[in-house]
Amino acid sequence: MFNRKSIVLITGCAGFIGSALSKKFLKEGYKVVGIDNVNNYYDLDLKKDRLKDISLFVSENNLKWSFHEISIEDKISCQKLFSKIRPQIVINLAAQAGVRYSISNPTAYFKSNMNGFFNILELCRIYEVAHLVYASSSSIYGSSLDYPFSENQNSNQPKSFYAATKKSNEMMAHAFSNIYKIPMTGLRYFTVYGPWGRPDMAPMIFAKNLISKKPISVFNNGEMSRDFTFIDDIVEGTYLCSIKIPSQEICEIEAFEKAPHKIFNIGYGKPINLLDFINMLENTFNIKAIKKYEPMQKGDVVKTYANINKLKDWINFQPKVSIDEGIKNFAKWYLDYYT
């Protein structure tokens, strides 16, 4: 366990999860350093407003925070920062996100998710970081029908290049952890939603189109389900994993040998059909959706469903925010922010 004097470096701190996690660590009394390249993959104003929200929280509570506009692809700048701050905990959330965008622009994913992640691994080795936590994804399970998804099942057939980079991250992390004995934890995030969400994800797209009375694209004739997980539960699970160091033991992936490396699913543990999700949004916003049924998209999967038993055993993880409560909280924020 770490104490409150520990320095935490969070990459991707202007992102959806990164900004919320930064506030969590700050609230718990840690000194937090955030980096983000603030790229234009989606709305720059939203990213900047997340950073403003952190700064306001810091000023109101007299907390220790600093932000640096750096890309993890820029090893020289990252190394200067590592050398200066000497972080004990590094949480790598910076990545090129999105399954569909990886079809049209795979190069961006290789640069950020492969080269950038390698830079973080190298710097954790050089500066003897006590614990690296990194974001993986439920996408690595591909079109598996073995529900609920377990960390031990085969995940070697990703359907998108994005998923392939995340699977590669897990293997790269295990190799570094095994060779250099660096404690590492990989978190396979299942569909995260809530206030300050990503505009390229279904909840934000649905809400935007509902409000503007534009058609909502419903793929695969609505036969799609996602393990929607509220941001507060994701943040709590990530925080608790970050302050607990894995020992040198068998990793959750059976093919991996002994190393201080653990991999967990982190989700709600109960998939929701997309049509049911849209219906709940309709009821919350009191607006009827215009649905446009379309075929399955390339790289997409029909269903995600997390087995979270291992995370329960590790940190006593138990999602607390129901889908009803989560949608209400999300809708309230959306109306406050956008209207």
Side-chain angles (χ1 to χ4, degrees), residues 8-27 32-58 65-74 77-78 81 87 89-102 105 108-109 111-114 116-117 119-120 132-139 162-163 165-166 169 185-205 228-239 241-242 266-267 330 333-334 337:
V8 181
L9 174 64
I10 299 177
T11 76
C13 67
F16 178 25
I17 299 174
S19 58
L21 187 63
S22 296
K23 288 178 67 175
K24 172 64 176 178
F25 269 99
L26 288 163
K27 184 178 179 180
V32 181
V33 179
I35 70 171
D36 200 295
N37 66 356
V38 198
N39 66 28
N40 62 357
Y41 168 62
Y42 61 78
D43 185 11
L44 280 174
D45 288 336
L46 180 61
K47 294 183 178 183
K48 292 176 181 178
D49 285 344
R50 290 184 188 132
L51 292 172
K52 289 178 183 177
D53 183 60
I54 297 172
S55 296
L56 180 61
F57 181 72
V58 167
W65 156 261
S66 64
F67 169 70
H68 304 265
E69 191 168 332
I70 297 173
S71 170
I72 60 172
E73 299 165 37
D74 182 354
S77 295
C78 286
L81 184 62
I89 302 172
V90 173
I91 303 170
N92 185 64
L93 301 176
Q96 179 56 60
V99 169
R100 292 167 190 165
Y101 187 57
S102 70
N105 193 3
Y109 291 75
K111 288 179 178 179
S112 180
N113 301 8
M114 301 296 287
F117 186 65
N119 290 340
I120 295 298
L132 169 65
V133 179
Y134 63 93
S136 186
S137 169
S138 63
S139 297
Y162 166 72
T165 64
K166 288 300 184 178
N169 286 172
T185 301
L187 297 175
R188 292 174 177 171
Y189 290 117
F190 283 68
T191 312
V192 189
Y193 75 102
W196 298 103
R198 271 177 33 208
D200 63 323
M201 294 184 69
M204 290 278 278
I205 294 171
F228 288 102
T229 314
F230 194 68
I231 183 64
D232 291 4
D233 289 326
I234 289 290
V235 165
E236 183 67 16
T238 304
Y239 170 76
C241 282
S242 300
I266 179 166
F330 164 67
W333 169 84
Y334 190 94
Y337 184 78

Minimum heavy-atom separation for [X] and [Y], please, with both atom names.
X: Ala135; Y: Lys166; value: O-NZ, 2.9 Å
X: Lys23; Y: Ile54; value: CG-CG1, 4.0 Å
X: Ala97; Y: Tyr41; value: O-OH, 3.3 Å
X: Phe67; Y: Leu51; value: CZ-CD1, 3.8 Å
X: Pro203; Y: Phe228; value: CG-CE2, 3.9 Å
X: Cys241; Y: Thr185; value: CB-CG2, 4.4 Å

Practice task
Would you confirm whether Tyr42, through its side chain, and Pro199, through its main-chain N or O, come within 3.5 Å as a donor-acceptor pair?
Solution key: no

Practice task
Using atom types as modelled and distance alone, determine if a side-chain donor or acceptor of Tyr109 lies under 3.5 Å from a backbone N or O of Gly98.
Solution key: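 At least one qualifying donor-acceptor pair exists.
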
Problem - Qualifying residue for side chain to side chain contact (heavy atoms under 4.5 Å, CB included) with Leu9, from Leu81, Ile91, Val32 - result: Leu81

[X]: what forms a side chain to side chain donor-acceptor pair (under 3.5 Å) with it, not counting sequence neighbours?
X: Glu236; answer: Lys24
X: Ser77; answer: Asp74
X: Asn92; answer: Thr11
X: Thr238; answer: Tyr189

Fill in the blank from the handout: Phe57 meets the ring pair (Phe, Tyr, Trp, His ring centres under 6.0 Å) criterion, sequence neighbours left out, with none

Problem - side chain to side chain contact (heavy atoms under 4.5 Å, CB included) between Ser138 and Arg188, worked out - result: CA-CA 5 Å; Ser138 63; Arg188 292 174 177 171; 5.5 Å; no

For the [atom1] atom of [X] and the [atom2] atom of [Y], what is their distance to the nearest 0.5 Å?
X: Ile72; Y: Ile35; atom1: CD1; atom2: CD1; result: 7.0 Å
X: Ser242; Y: Ile10; atom1: OG; atom2: CD1; result: 7.5 Å
X: Arg198; Y: Leu46; atom1: CZ; atom2: CG; result: 11.0 Å
X: Phe117; Y: Ser112; atom1: CZ; atom2: OG; result: 11.0 Å

Distance-only criterion, 3.5 Å: show the donor-acceptor pairs between side-chain atoms of residues 12-21 and protein atoms not counting sequence neighbours.
| unit_1 | atom_1 | unit_2 | atom_2 | d |
| --- | --- | --- | --- | --- |
| Ser19 | OG | Gly15 | O | 2.7 |
| Ser19 | OG | Phe16 | O | 3.2 |

Practice task
Evaluate the ring planes of Trp196 and Trp333, with Trp represented by its six-membered ring, and classify them as parallel (under 30°), tilted (30 to 60°) or perpendicular (over 60°).
Solution key: tilted

